[in-house]
> 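Please read through the structure below; I'll follow up with questions.
None of these values were measured; they are calculated from a predicted model.
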Amino acid sequence: MVPLLPGAEPFRHDGGEIGVLVCHGFTGSPQSVRPWADHLAARGLTVSLPLLPGHGTRWQDLAVTGWQDWYAEVDRELTRLSRSCERVFVCGLSMGGALALRLAAQHGAAISGVAVVNPANRIHDPLAVALPVLRHLVPSVKGIVSDIAKPGARESGYERMPLHAVHSMRRFYRVVDAELPQVTQPLLVMHSPQDHVVPPADSERILSQVSSRDVTERLLERSYHVATLDHDAEFIFEETDTFITRLTAGMGENTTRTGLGKGSGKEGAAASG
């Protein structure tokens with residue numbers, strides 16, 4: 001068996017009656033969002049951070065998987081969390097944000113809220129239209145990991161992207177985009193103006209297409225794409241605390257014991273809704 005990359009192992013923590021599913025991105029691994037998951041677990045929440053099929057080993061393993069495999073994994077974890085938790089939230093980075101949004105569109109009231117960081121909505125490279133043919137001619141291209149502004153911070157992921165998987169991801173984004181109007185849950189979108197992987201236009205598209213009435217937007221001014229490992233990581237964690245706390249305030253003593261934060265009040269954040 002191929003060994004896992006450092007930090008790529010899935011993570012689970014049994015806490016209180018509030019559950020959170022955290023989804024990592026394309027060619028990344030749980031390592032990229034593990035501090036987010038650890039923070040939520042430390043607050044007393046039940047947390048699940050799965051490893052998506054084909055990820056965390058070598059890029060050749062990703063080449064034989066597709067979006068249905070990735071989505072099925074997070075869907076199973078959502079079902080597991082729902083069996084033991086009174087409320088469940090979904091969070092995600094990049095393609096993990098797209099996975100979280102599709103879960104919200106498909107499961108409705110079973111999900112109490114969605115928090116996403118630099119969520120992906122489409123592939124903007126003009127060559128993407130050639131993927132149906134190109135993927136049979138070129139096995140892989142240069143990877144997208146470690147788009148991070150913070151010196152010394154690194155993302156554990158693939159240095160190559162298999163084009164078969166990229167083609168499947170592109171099809172997945174089309175599916176999610178068509179389902180965005182079905183997203184009605186409270187939504188927290190945190191995105192970086194300086195993102196070299198997913199442009200701000202993707203967050204803008206998502207915000208314009210969802211049907212959620214409770215929407216919060218936060219700007220991550222000091223970070224690039226993998227903001228969960230970047231300068232704004234603590235800001236992301238605090239904003240997620242505030243979001244979940246507000247939406248679970250009526251759950252009583254068990255929720256109080258989680259000790260969720262009271263909001264960051266940091267400058268540079270923009271809110272809407």
Side-chain angles (χ1 to χ4, degrees), residues 2-13 19-41 45 47-59 61-63 65-78 80-81 88-104 114-121 143-148 153-162 165-166 168-169 172-173 176 188-192 195 197-198 202-203 220 223-230 232-233 236-237 240:
V2 179
L4 290 179
L5 294 173
E9 63 277 355
F11 170 73
R12 292 179 181 174
H13 172 79
V20 185
L21 172 62
V22 183
C23 309
H24 70 78
F26 183 70
T27 72
S29 75
Q31 180 263 352
S32 63
V33 288
R34 179 62 184 269
W36 199 6
D38 284 340
H39 179 88
L40 296 168
L45 307 185
V47 180
S48 175
L49 168 52
L51 172 64
L52 299 179
H55 291 76
T57 51
R58 57 181 186 170
W59 69 262
D61 294 329
L62 182 57
T65 67
W67 76 261
Q68 295 91 341
D69 303 303
W70 313 327
Y71 180 75
E73 181 67 24
V74 296
D75 190 70
R76 282 191 292 268
E77 286 302 306
L78 177 67
R80 189 186 70 84
L81 278 174
V88 177
F89 293 80
V90 291
C91 302
L93 166 69
S94 193
M95 186 189 74
L99 290 168
L101 288 164
R102 183 159 205 256
L103 287 171
V114 182
V116 293
V117 174
N118 292 321
N121 181 253
I144 55 174
V145 296
S146 289
D147 184 35
I148 303 171
R154 293 285 300 170
E155 180 184 17
S156 180
Y158 297 151
E159 298 299 328
R160 306 291 297 177
M161 294 189 297
V166 175
S168 183
M169 179 174 62
F172 175 57
Y173 289 159
V176 176
L188 170 62
V189 176
M190 298 170 279
H191 63 98
S192 305
D195 186 327
V197 177
V198 175
D202 283 29
S203 289
L220 308 173
S223 300
Y224 295 162
H225 182 62
V226 192
T228 47
L229 297 178
D230 215 326
D232 291 298
I236 291 169
F237 307 157
T240 308

> Answer yes if the side chains of W70 and T65 hold a donor-acceptor pair under 3.5 Å, and no otherwise.
yes
> Quick check: closest heavy atoms across M190 and P119, and the distance to 0.1 Å?
O-CD, 4.3 Å
> Closest approach of G7 and S29, non-hydrogen atoms and distance?
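Closest pair (atom of G7, atom of S29, distance): O-OG, 4.2 Å.
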> Does L40 form a side chain to side chain contact (heavy atoms under 4.5 Å, CB included) with T240? I'd like the steps, not just the answer.
CA-CA 9 Å; L40 296 168; T240 308; 4.0 Å; yes
> If I compare all heavy atoms of L229 with all of S32, which pair ends up nearest, and what's the gap?
CG-O, 3.6 Å
> List the atom of L220, the atom of A227, and the distance in Å for their closest heavy-atom pair.
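Minimum heavy-atom separation between L220 and A227: CD1-CB, 3.5 Å.
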> Between S94 and N118, is there a side-chain donor-acceptor contact under 3.5 Å, judged purely by atom types and distance?
no
> What's the spacing between E159 CD and I144 CD1 if we round to 0.5 Å?
11.0 Å
> To check you understand the geometry: which heavy-atom pair defines the closest contact between L52 and M95, and what is its length?
CD1-CE, 3.8 Å
> Within a strict 4.5 Å, meaning less than it, do heavy atoms of the V90 and C23 side chains meet?
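The answer is no, as the side chains (C-beta and beyond) never meet within the 4.5 Å cut-off.
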> How long is the straight-line distance from OG of S223 back to CD1 of I236, given to the nearest 0.5 Å?
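Taking CD1 in I236 and OG in S223, the distance rounds to 6.0 Å.
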> Would Y224 and V197 satisfy side chain to side chain contact (heavy atoms under 4.5 Å, CB included), going step by step from the backbone distance to the final call?
CA-CA 8 Å; Y224 295 162; V197 177; over 6 Å; no
> Among all residues two or more places apart in sequence or in another chain, which pass the side chain to side chain donor-acceptor pair (under 3.5 Å) test with D69?
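Here no residue qualifies.
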> Kindly determine whether R102 and F172 satisfy side chain to side chain contact (heavy atoms under 4.5 Å, CB included), including the steps that lead there.
CA-CA 10 Å; R102 183 159 205 256; F172 175 57; 3.7 Å; yes
> Would you please indicate if the ring centroids of Y173 and W67 are separated by under 6.0 Å?
no
> So, does D202 use its side chain to make a donor-acceptor pair with the main chain of N121 at under 3.5 Å?
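Pair found, side chain donor or acceptor close to backbone of N121.
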> Mind listing the closest non-hydrogen atom pair of H225 and L93 along with its distance?
O-CD1, 3.7 Å
> Rounded to the nearest 0.5 Å, what separates atom CZ in F11 from atom OG in S48?
9.5 Å
> Side chains of L188 and V116: does their closest heavy-atom pair fall under 4.5 Å?
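Not touching, per the 4.5 Å side-chain cut-off.
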> Supply the atom-to-atom distance R80 CZ to D75 CG, rounded to the nearest 0.5 angstrom.
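The distance works out to 13.0 Å.
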> Might you work through the side chain to side chain contact (heavy atoms under 4.5 Å, CB included) test for L4 and L51, ending with a clear yes or no?
CA-CA 10 Å; L4 290 179; L51 172 64; 3.8 Å; yes
> Between D230 (side chain) and D232 (backbone), is there a donor-acceptor pair under 3.5 Å?
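The answer is no, because no donor-acceptor pair under 3.5 Å joins these two groups.
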> For the side chain of S203 and the backbone of H191, is there at least one donor-acceptor N/O pair under 3.5 Å apart?
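Looks like no, no N/O pair under 3.5 Å.
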> Taking side chain to side chain donor-acceptor pair (under 3.5 Å) as the definition, give me every residue that meets it alongside H55, ordered by chain and number, with sequence neighbours left out.
none
> Side chains of S192 and V198, heavy atoms from C-beta outward: is any pair under 4.5 Å?
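Side chain of S192 against side chain of V198, heavy atoms only: no contact under 4.5 Å found.
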> Between atom OH of Y158 and atom CG of L62, what is the distance when rounded to the nearest 0.5 Å?
6.0 Å
> Using atom types as modelled and distance alone, determine if a side-chain donor or acceptor of E77 lies under 3.5 Å from a backbone N or O of V22.
no
> Atom OH in Y71, atom CG in L99: separation rounded to 0.5 Å?
8.5 Å
